[in-house]
Amino acid sequence: SSSEDTVDSADDRVLLHARNVSFDWRSLPLHYVDGDPLATHLMNVMHLLLPEGEEWYVRTFKEALPLIDDESLREDVIGFIGQEAMHAQAHTEVHEQLRAHGIDVDPFVDQMKFVFGRALGNRPGHSRNSLVERLSLIAAVEHLTAFSVDWVLNAEELDRADFDPTMLDLLRWHGAEEVEHRAVAYEVMRYFDVRHARRIRTYIAIAPTLVYFRTRGVRYLMDQDPTLTHLPPKKRQAGFRDFRRVTSRGLSPSELHHPMGHYRATISFIRAILLFREGRDARLLPVFRALIMLLIAPPENLQGIDRLR
């Protein structure tokens, strides 16, 4: 292993821990982003995709934890596990309000349970190589997530839009904690395997898969939207121009809907691997901004913020 690459100095480290959050979704409207169905469902798809994916993170990192001897990295992994478990819970709680609005989330969520529980899960007889492969996939997903996180923390358009404030609190709390632990998946991957080839290969495999599931999820939500059922099935589905309309208003990150965005993400991932910039060296400045976001978050939503260290 390369545990020497994962040790931070005491002054540089941000101690990770799960925060006790609580959100009340009873007043969440059906279309909570500028009254726009597509802009809203581009957000809602996260609530369908993320919980099962984050539970998969938790299971995989719990499997890796006993194999890690580096105490500093073990602390980071424990904090990562706690934060991802809270993220999964917070997004799952939105499902009940979506059901109340007439959107049946269960068929799509069940598919995600199969993908992350069976197709990508650990099974008897799986080797250590299977674990390292899953850790590499998680590191790739975390890199892609960073683009959405940077957008949600900095997009002034979200503050100017008619955006449900509780949902915006959820997204920015989640985004801030993603920045806080952004280097952990990469450092765990390097602890088990420092070779570049696996990381590049798993990124190439996972990036288009995530785009596929995200697009499929948005299409599913548009089809389920009760305000659109009077339209023919084809009219309910968004095309490229519809996505451009939303991104041009700053209500969704353009990187997720434009080929050049995925190209830039790929180039930055390969550079991070070759230059070793995804770990400690990339962590500090974005973390300071995220910590400020966590400190000024509404106290009714971030219980236990006094534990921020």
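For the pair L131 and L67, the minimum side-chain heavy-atom distance is below 4.5 Å. Using a 4.5 Å heavy-atom threshold, the side chains of E142 and Y57 count as touching. Two residues are said to be in side-chain contact when any heavy atoms from C-beta on lie closer than 4.5 Å; L171 and F163 meet this criterion. In this structure, R134 and N122 have side chains that are in contact, with non-hydrogen atoms separated by less than 4.5 Å. Side-chain atoms of E52 and V115, non-hydrogen and from C-beta on, never get closer than 4.5 Å to each other.
The closest donor-acceptor contact from the side chain of H87 to the backbone of L50 lies at 3.5 Å or more, if one exists at all. In this structure, the side chain of Q224 engages the main chain of D104 through a donor-acceptor pair within 3.5 Å. Put simply, the side chain of D242 gets close to the backbone of G239: a donor and an acceptor are under 3.5 Å apart. With R199 contributing its side chain and R195 its backbone, the two residues share a donor-acceptor pair below 3.5 Å. Here the side chain of E55 pairs no donor or acceptor atom with the backbone of A85 at under 3.5 angstrom.
Atom CD of E157 and atom CZ of R160 lie 5.0 Å apart (nearest 0.5 Å). From L251, atom CG reaches atom CG of D34 across 5.5 Å, with rounding to the nearest 0.5 Å. Rounded to the nearest 0.5 angstrom, I138 CD1 and M189 CE are separated by 10.5 Å.
Minimum heavy-atom separation, D193 to V132: CB-CG1, 3.9 Å. A pairwise comparison of heavy atoms in L144 and A207 identifies CD1-CA, 3.8 Å as the closest pair. Closest approach of A155 to R172, counting heavy atoms only: O-NH2, 3.1 Å.
Cluster membership for Y212 and F243, using ILVMFWY side-chain heavy atoms within less than 4.5 angstrom, is shared. Cluster membership for F213 and F114, using ILVMFWY side-chain heavy atoms within less than 4.5 angstrom, is not shared.
Defined by atom type and a distance below 3.5 Å, a donor-acceptor pair is present between the side-chain atoms of E177 and W173.
With sequence neighbours left out, P233 forms a side chain to side chain contact (heavy atoms under 4.5 Å, CB included) with R236.
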Side chains of residues 38-48: which donor-acceptor partners sit under 3.5 Å, not counting sequence neighbours?
| unit_1 | atom_1 | unit_2 | atom_2 | d |
| --- | --- | --- | --- | --- |
| T40 | OG1 | Y32 | N | 3.2 |
| T40 | OG1 | V33 | N | 3.2 |
| T40 | OG1 | D36 | O | 2.8 |
| H41 | ND1 | N44 | ND2 | 3.1 |
| H41 | NE2 | D225 | OD2 | 2.8 |
| N44 | OD1 | Y32 | OH | 2.7 |
| H47 | ND1 | H91 | ND1 | 2.9 |

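Salt-bridge check for R201 with E133: passed, with a basic side-chain N closer than 4.0 Å to an acidic carboxylate O.
For the side-chain contact (heavy atoms from CB on, under 4.5 Å) test with F23, the passing option among V94, L28, L170 is L170; the others fail.
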